[in-house]
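Report on the following structure.
Below, chain A is the first sequence line, B the second, and so on; all start at residue 1.
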2 protein chains.
Amino acid sequence: MSPVMQTPERRTHRRDDAGRPRPLADSVLRMIWREREISRAEIARRAELSRSTVSEIVSLLLPTALVAETGTGPSRGGRRPIVLQFQDDACLILGVEVGASHVAVALTDLRGKVLVWRHRTHVVRTDPKGTRALVRELCDACLDKTPGSRRRLVGLGVALPCPIDPRSPERVSEIVLPDWGGRHGLESIAEAYDVPLMVDNDANLGALAERWWGAGRGVDDFAFVKIATGIGSGHVSGGNLYRGATGVAGEIGHMAIDSHGERCVCGLRGCLATFVGSQALVTKARKLLADYPGSMLAANEPTITTIEDAALAGDPLALRLVNEAAEHLGVAIASMLNLMNPAKVIFGGGLTRVGDLLLEPLRETVRRRTLVSSVDASALVMSELGPRAGAVGAATMVLKAALHDSRLFPTSHRRAEAS
Amino acid sequence: MSPVMQTPERRTHRRDDAGRPRPLADSVLRMIWREREISRAEIARRAELSRSTVSEIVSLLLPTALVAETGTGPSRGGRRPIVLQFQDDACLILGVEVGASHVAVALTDLRGKVLVWRHRTHVVRTDPKGTRALVRELCDACLDKTPGSRRRLVGLGVALPCPIDPRSPERVSEIVLPDWGGRHGLESIAEAYDVPLMVDNDANLGALAERWWGAGRGVDDFAFVKIATGIGSGHVSGGNLYRGATGVAGEIGHMAIDSHGERCVCGLRGCLATFVGSQALVTKARKLLADYPGSMLAANEPTITTIEDAALAGDPLALRLVNEAAEHLGVAIASMLNLMNPAKVIFGGGLTRVGDLLLEPLRETVRRRTLVSSVDASALVMSELGPRAGAVGAATMVLKAALHDSRLFPTSHRRAEAS
DNA sequence: GGGCTTTGTTCAGACGGCGAGCAAAGTATC
DNA sequence: GATACTTTGCTCGCCGTCTGAACAAAGCCC
């Protein structure tokens with residue numbers, strides 16, 4: 001039962017695993033997914049099940065087309081095993097990222113591979129209606145490029161640029177998105193495709209994407225810090241997303257790192273966001289331009305993109321801005337490490353374009369500022385998924401839900417609508 | 001499977017619920033515990049089980065003496081139900097708190113009620129051997145006061161004043177307790193009683209105690225902030241303890257709230273602990289004494305206790321110290337709220353003696369400093385368990401483990417040693 | 001080729017939980 | 001007070017799930 005699922009489940013059942021056909025079938029399916037290729041005997045050994053049970057479960061899995069027999073594997077001193085292979089292309093998932101000023105849609109397979117990608121800038125904050133139409137348009141475009149995709153669609157995942165309370169996932173914050181009327185209103189799109197809709201915050205889904213496909217693979221406790229217009233973080237704890245009481249956990253941008261600093265919109269003084277957000281950097285660049293008359297930034301009105309470009313080109317002013325941002329970010333990260341004790345911190349979002357220019361001074365700051373040294377410098381890394389993290393994470397949320405309740409897969413027993 | 005259990009489980013089993021007699025028996029037992037008194041039919045309704053299944057499970061539970069039939073309840077329009085009552089006094093638990101400078105032991109029943117309490121100050125940090133002997137002595141004293149207690153003992157829980165990594169619970173931090181040689185060495189005591197040993201950090205166990213018996217009842221996401229020699233926090237998320245990657249989560253005392261502040265032992269500048277810890281308050285009191293010649297604190301060398309007393313008596317200097325501590329604490333709490341989004345914050349430890357003197361300015365600071373207002377002022381409250389939170393929490397850890405695996409209860413099928 | 005191992009299947013059986021049915025013991029209605 | 005109805009707790013047969021034993025097929029090793 002995903003806390004962020006909006007559409008009701010297709011069948012009712014009483015307890016978490018009861019009423020479901022073959023309680024262990026899903027865990028066997030997940031193992032095949034995880035291992036990609038595995039034999040029945042190997043499943044039995046790893047899951048500590050009897051070979052007869054595994055055999056019976058596999059015979060139920062084969063007709064779903066999610067798993068296929070693909071030849072034989074190497075002998076272990078006896079009969080050669082039949083290789084069972086998870087069919088990554090058996091189904092498709094739509095992952096949508098709605099940012100502050102853009103919409104991106106990824107059509108993925110069951111291994112997180114992006115098959116079709118659509119991206120368009122849009123005034124999301126002020127135009128909810130147009131944004132909804134755009135999401136629909138880009139989703140349709142993705143599906144139309146892939147024959148038969150509607151029939152094989154598992155679900156629609158959406159990353160939104162505001163906190164989502166798992167208890168009422170249809171609501172969006174009226175503070176962050178004042179023109180949206182408190183609702184994202186994307187239900188009709190999922191209904192048009194007859195699939196479940198799931199939504200969550202973009203930082204959470206970025207974290208999820210890194211956990212499954214990126215720098216967070218195999219790491220059960222880490223933080224994903226997204227530096228874009230604002231700064232948000234998603235936290236994975238014990239392998240699962242940490243959401244807090246009302247789903248607004250991860251507002252690392254509003255940690256106070258200097259109680260004498262400037263007042264922030266959130267009410268605190270000296271928030272991290274007042275030092276490191278795009279707007280803060282641009283403002284600071286303007287202020288310092290007088291001291292750096294030869295800077296590349298003097299040519300035009302500075303933007304976050306030109307600052308990044310200048311830093312990569314070695315411009316002293318831009319480098320100073322990045323260095324100071326790293327210093328402030330380091331203080332907040334150090335506090336976060338002491339409080340939440342992740343094993344790793346993954347940085348995503350726009351500013352990560354500058355790569356080690358940001359990361360090196362950041363590592364140095366954190367190294368100087370944590371005695372308990374809950375993480376060493378090597379645990380501060382850049383996102384591996386880059387700008388696609390949000391949309392891929394949205395698709396991953398659907399994949400995760402389906403792998404934990406395989407009845408969500410549209411295999412055989414479901415719809416026969418037109419593709 | 002508790003992550004902090006040190007002694008191996010009594011029987012081996014393969015999966016979490018497999019190999020265990022009656023998978024649903026423990027959840028029925030927990031329901032009876034939770035409801036105190038309940039009929040078979042009511043259990044069947046709430047757990048969505050058939051009456052026949054419940055009947056059979058109860059017939060297994062009755063011989064354990066954890067549950068007893070105690071008459072009949074009111075009719076609901078038909079035959080009157082037989083009341084099943086959880087027997088809180090069927091077993092006993094030892095909960096130990098080892099503080100920086102004291103040892104306390106509570107012998108509790110299965111409802112967290114403290115039956116015997118022993119407390120003694122001791123130089124814990126510098127005398128590991130004497131501390132271990134003292135723990136043993138106080139435990140023996142508790143057991144000796146209660147006839148037959150050794151036979152009915154479920155386990156030994158210990159709260160330690162340093163982070164505990166669930167993956168190696170026998171280890172203690174060499175930084176926090178340098179004289180202890182990296183190990184707490186309490187295994188032999190549990191072995192002497194032939195019960196499992198479980199250990200965890202004192203802030204975590206304070207949080208657990210408040211969750212089960214205090215201000216955190218029914219709250220699935222909250223933070224417990226312990227203000228004593230240092231400042232630590234325990235976090236409950238989704239009803240369970242949040243431990244982080246290596247069990248050191250909750251070092252709220254080392255959040256940086258002023259990057260220009262004094263350097264802290266931890267490497268950061270302007271840590272909360274440099275403003276609000278006992279030592280910080282005493283130092284500050286000395287510094288300010290010149291400005292407050294009439295202060296009650298001028299009589300003797302100020303200590304944290306005399307400062308608390310003076311504040312309660314209305315002394316201006318002491319009140320100023322408390323107010324400023326509340327202000328700094330408020331900044332850290334606000335940041336923590338933004339990052340972790342608890343529904344409530346519970347304050348424990350020594351400084352809480354001053355009560356609303358601390359809480360009121362704290363609430364005001366937090367109110368001013370959180371726009372997203374993830375908690376309102378009423379969600380900042382004092383501990384309900386006070387100085388016993390640690391020891392009671394240690395016992396609760398054992399109780400929780402036993403209620404999730406009733407084979408830990410020493411009922412019938414176990415030892416017949418001398419009591 | 002013979003002995004051994006491994007794989008995957010079949011089949012009888014154990015076990016947990018379920019629903020039907022029933023007696024006991026209550027309430028509601030006349 | 002008699003009758004009808006409800007609720008409780010138990011017994012019993014049934015079903016689905018998983019298991020172990022047995023077996024054939026297919027490999028390895030000597």
*Does T53(A) make a side-chain N or O approach to OP1 or OP2 of dC18(D) shorter than 4.0 Å?*
no
*If only side-chain N and O atoms of R22(A) are considered, is one of them under 4.0 Å from the OP1 or OP2 phosphate oxygen of dT17(D)?*
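Yes, R22(A) has a side-chain N/O under 4.0 Å of OP1/OP2 on dT17(D).
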Atom [atom1] of [X] to atom [atom2] of [N]: distance rounded to whole Å?
X: I43(B); N: dT7(D); atom1: CD1; atom2: P; answer: 18 Å
X: E69(A); N: dT9(C); atom1: CD; atom2: C1'; answer: 12 Å
X: I57(A); N: dG8(C); atom1: CD1; atom2: P; answer: 14 Å
X: L24(A); N: dG16(D); atom1: CG; atom2: C1'; answer: 12 Å
X: E56(A); N: dG20(D); atom1: CD; atom2: C1'; answer: 14 Å
X: E48(B); N: dG19(C); atom1: CD; atom2: C1'; answer: 16 Å
X: L49(B); N: dC18(C); atom1: CG; atom2: P; answer: 5 Å

*asked:* Nearest to the side chain of P23(B), heavy atoms from C-beta on, is which of dG20(D), dG17(C), dG9(D)?
replied: dG17(C)
*To the side chain of S55(B), which of dT8(D), dT7(C), dC10(D) is closest?*
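Nearest nucleotide to the side chain: dC10(D).
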With the threshold set at 4.0 Å, does a side-chain nitrogen-carboxylate oxygen contact exist between [X] and [Y]?
X: R51(B); Y: E56(B); value: no
X: D109(A); Y: R111(A); value: no
X: D88(B); Y: R36(B); value: no

*asked:* Regarding dG8(C), can its base be found pairing with the side chain of S52(A) as donor and acceptor, where the two atoms are less than 3.5 Å apart?
replied: no
*When you check every protein heavy atom under 4.0 Å of nucleotides 24-30 of chain C, what one-letter string (B, S, -) results, 5' to 3'?*
BBBS---
*So how far is it from I82(B) CD1 to E69(B) CD, rounded to the nearest 0.5 Å?*
4.5 Å
*Test side-chain contact (heavy atoms from CB on, under 4.5 Å) on D221(B) and V236(B) and set out the steps.*
CA-CA 5 Å; D221(B) 303 85; V236(B) 170; over 6 Å; no
*Hey, are the side chains of E37(A) and L84(A) touching, using non-hydrogen atoms and a 4.5 Å cut-off?*
no
*So do the side chains of W33(B) and L399(B) get within less than 4.5 Å of each other, counting heavy atoms only?*
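Yes; the side chains approach each other to less than 4.5 Å.
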*Select from A25(A) and R51(A) the residue whose nearest nucleotide in DNA chain D is closer to the 5' end of that strand.*
A25(A)
